[in-house]
Amino acid sequence: MALAPKFAGQKLAFASPGDVAPTLHTVEVFLDYVCPFSAKLFNTLYHVVAPLVRNNPKWSSSVQFIFRQQVQPWHPSSTLTHEAALAVLQIAPAKYWAFSDALFKDQQAYFDVNVVRETRNDTYRRLAKLAATVGVDETAVYDRLVIPDKPAEDGSLNVGNEVTNDLKVLVKTARLVGVHVSPTVIFNGVVANEVSSSWTKEQWEEWLTKNIV
């Protein structure tokens, strides 16, 4: 599936600057920020698999990973966490993966019982502070997330925020390919059911050796 340029920060590619971009294998990972299994897969992907690929010239010139944000609406805070990531993507796309790493590590702070007693904007404030820990402007993130408490000039009440339209695109993306479960991995357009959040470094090496040819 194609990736819109404004979401380029979601891509983890390894070709050297200036190289002619080859036709790459594409691994799309559909992850939810408040899903423990998504956190497990992200941690392995970001801290184990990515270094493996970077250090293997064949793989780094042949494969790219795309983080597909998968909102799981039965956890209301899921939407808020994904909105925060989109705000980071708008402001500092180079910090997107670092912010995602920080958010997954802190995901329990956004589980149901830890957000039920705070307002939506209060949750946004905490997420903006988290973004600041990876070098993203806290105020800029919050300003893109905050929901006003007054109607818009035309009287509308469902006014959304500065990332609402981008969030709609991500939801449509997941619906288009029928993704429901998180995590889900799609390899070159086909669901790779064999990939597991429990995979070890050795299992990823075996899979990459077999498929990145």
Side-chain angles (χ1 to χ4, degrees), residues 1-4 7-14 24-54 59 63-86 88-89 95-112 114-115 127 130 134 166-212:
M1 183 181 293
L3 186 69
F7 298 131
Q10 295 177 329
K11 182 188 297 185
L12 188 61
F14 305 95
L24 301 176
H25 293 286
T26 299
V27 181
E28 300 170 83
V29 287
F30 287 76
L31 305 173
D32 175 38
Y33 287 113
V34 294
C35 167
F37 298 102
S38 291
K40 192 173 183 180
L41 179 56
F42 178 91
N43 183 64
T44 302
L45 176 63
Y46 190 60
H47 294 288
V48 178
V49 178
L52 281 176
V53 174
R54 286 194 181 96
W59 291 348
V63 66
Q64 62 182 348
F65 290 79
I66 298 175
F67 184 160
R68 299 289 191 186
Q69 293 178 223
Q70 171 73 357
V71 178
Q72 303 289 36
W74 46 88
H75 299 303
S77 60
S78 175
T79 296
L80 310 189
T81 59
H82 285 282
E83 287 179 316
L86 287 171
V88 170
L89 200 56
K95 298 287 187 179
Y96 175 80
W97 284 80
F99 174 73
S100 294
D101 186 36
L103 182 49
F104 273 122
K105 287 176 178 175
D106 196 38
Q107 70 170 188
Q108 289 191 13
Y110 303 96
F111 284 3
D112 291 349
N114 289 325
V115 299
L127 287 161
L130 183 66
V134 298
D166 285 354
L167 184 70
K168 290 178 181 179
V169 173
L170 300 188
V171 172
K172 290 177 182 178
T173 298
R175 288 176 178 172
L176 179 65
V177 294
V179 170
H180 173 69
V181 175
S182 64
T184 292
V185 175
I186 294 181
F187 178 61
N188 291 340
V190 179
V191 175
N193 286 319
E194 71 273 18
V195 177
S196 170
S197 61
S198 297
W199 270 13
T200 63
K201 173 184 176 182
E202 290 73 25
Q203 287 172 300
W204 271 105
E205 283 183 308
E206 180 181 355
W207 188 85
L208 290 166
T209 299
K210 177 182 177 182
N211 290 282
I212 309 306

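In what follows, residues are counted from 1 in the order of the sequence shown. All heavy atoms count here, side chains included; hydrogens, waters and symmetry mates do not. Just so you know, these numbers come straight off a predicted model, no measurement behind them.
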Heavy-atom side-chain contact between Val71 and Leu170 under 4.5 Å: no
Polar contact flag, side-chain donor to acceptor under 3.5 angstrom, Gln70-Thr184: no
CG on Leu167 to CD on Glu83, rounded to 0.5 Å: 5.5 Å
Check: His82 and Leu86 side chains under 4.5 Å, non-hydrogen atoms: no
Ring centres under 6.0 angstrom apart (Phe65, Trp97): no
Side-chain heavy atoms of Val49 within contact of Leu208, under 4.5 Å: yes
Nearest-0.5 Å distance, CH2 of residue Trp204 to OG of residue Ser196: 9.5 Å
Distance, nearest 0.5 Å, that separates OG1 of Thr173 from CD of Glu28: 9.0 Å
Sidechain-backbone polar pair: Lys201 side chain, Val48 backbone, donor-acceptor under 3.5 Å: no
Flag side-chain contact, heavy atom, 4.5 Å: Ser182 against Leu31: no
Considering all heavy atoms, the nearest Pro36-Gln107 contact: CA-OE1, 3.3 Å
CZ/Phe37: more than 12 non-hydrogen atoms of other groups inside 6.0 Å: no
For Val185 against Val195, the heavy-atom pair lying closest together: CG2-CG1, 3.7 Å
Steps toward ring-ring contact (aromatic ring centres under 6.0 Å, His included) verdict (His75, Phe111): CA-CA 8 Å; His75 299 303; Phe111 284 3; 7.3 Å; no
Side-chain donor/acceptor of Thr200 to backbone N/O of Gln203, under 3.5 Å: yes
Any side-chain heavy-atom pair of Val34 and Asp112 under 4.5 Å: no
Minimum-distance pair of heavy atoms, taken over all atoms of Ala192 and Phe187: CB-CB, 4.3 Å
No-hydrogen, no-angle side-chain donor-acceptor test under 3.5 Å, Ser77 and Tyr33: no
Least distance between heavy atoms, Glu205 atom then Thr209 atom: O-OG1, 2.7 Å
Side-chain donor/acceptor of Asn211 to backbone N/O of Trp207, under 3.5 Å: yes
Non-hydrogen side-chain atoms of Trp199 and Glu194 separated by less than 4.5 Å: yes
Exercise: do Ser78 and Asp32 side chains pair donor with acceptor under 3.5 Å: yes
Nearest non-hydrogen partners of Leu103 and Leu127, listed with the distance: CD1-CD2, 3.8 Å
Heavy-atom closest pair, residues Phe67 and Ser100: CE1-OG, 3.5 Å
Side-chain heavy atoms of Val63 within contact of Leu24, under 4.5 Å: no
Summary of side chain to side chain donor-acceptor pair (under 3.5 Å) pairs that have at least one residue in residues 40-50, sequence neighbours excluded: Lys40-Ser198, His47-Asp101
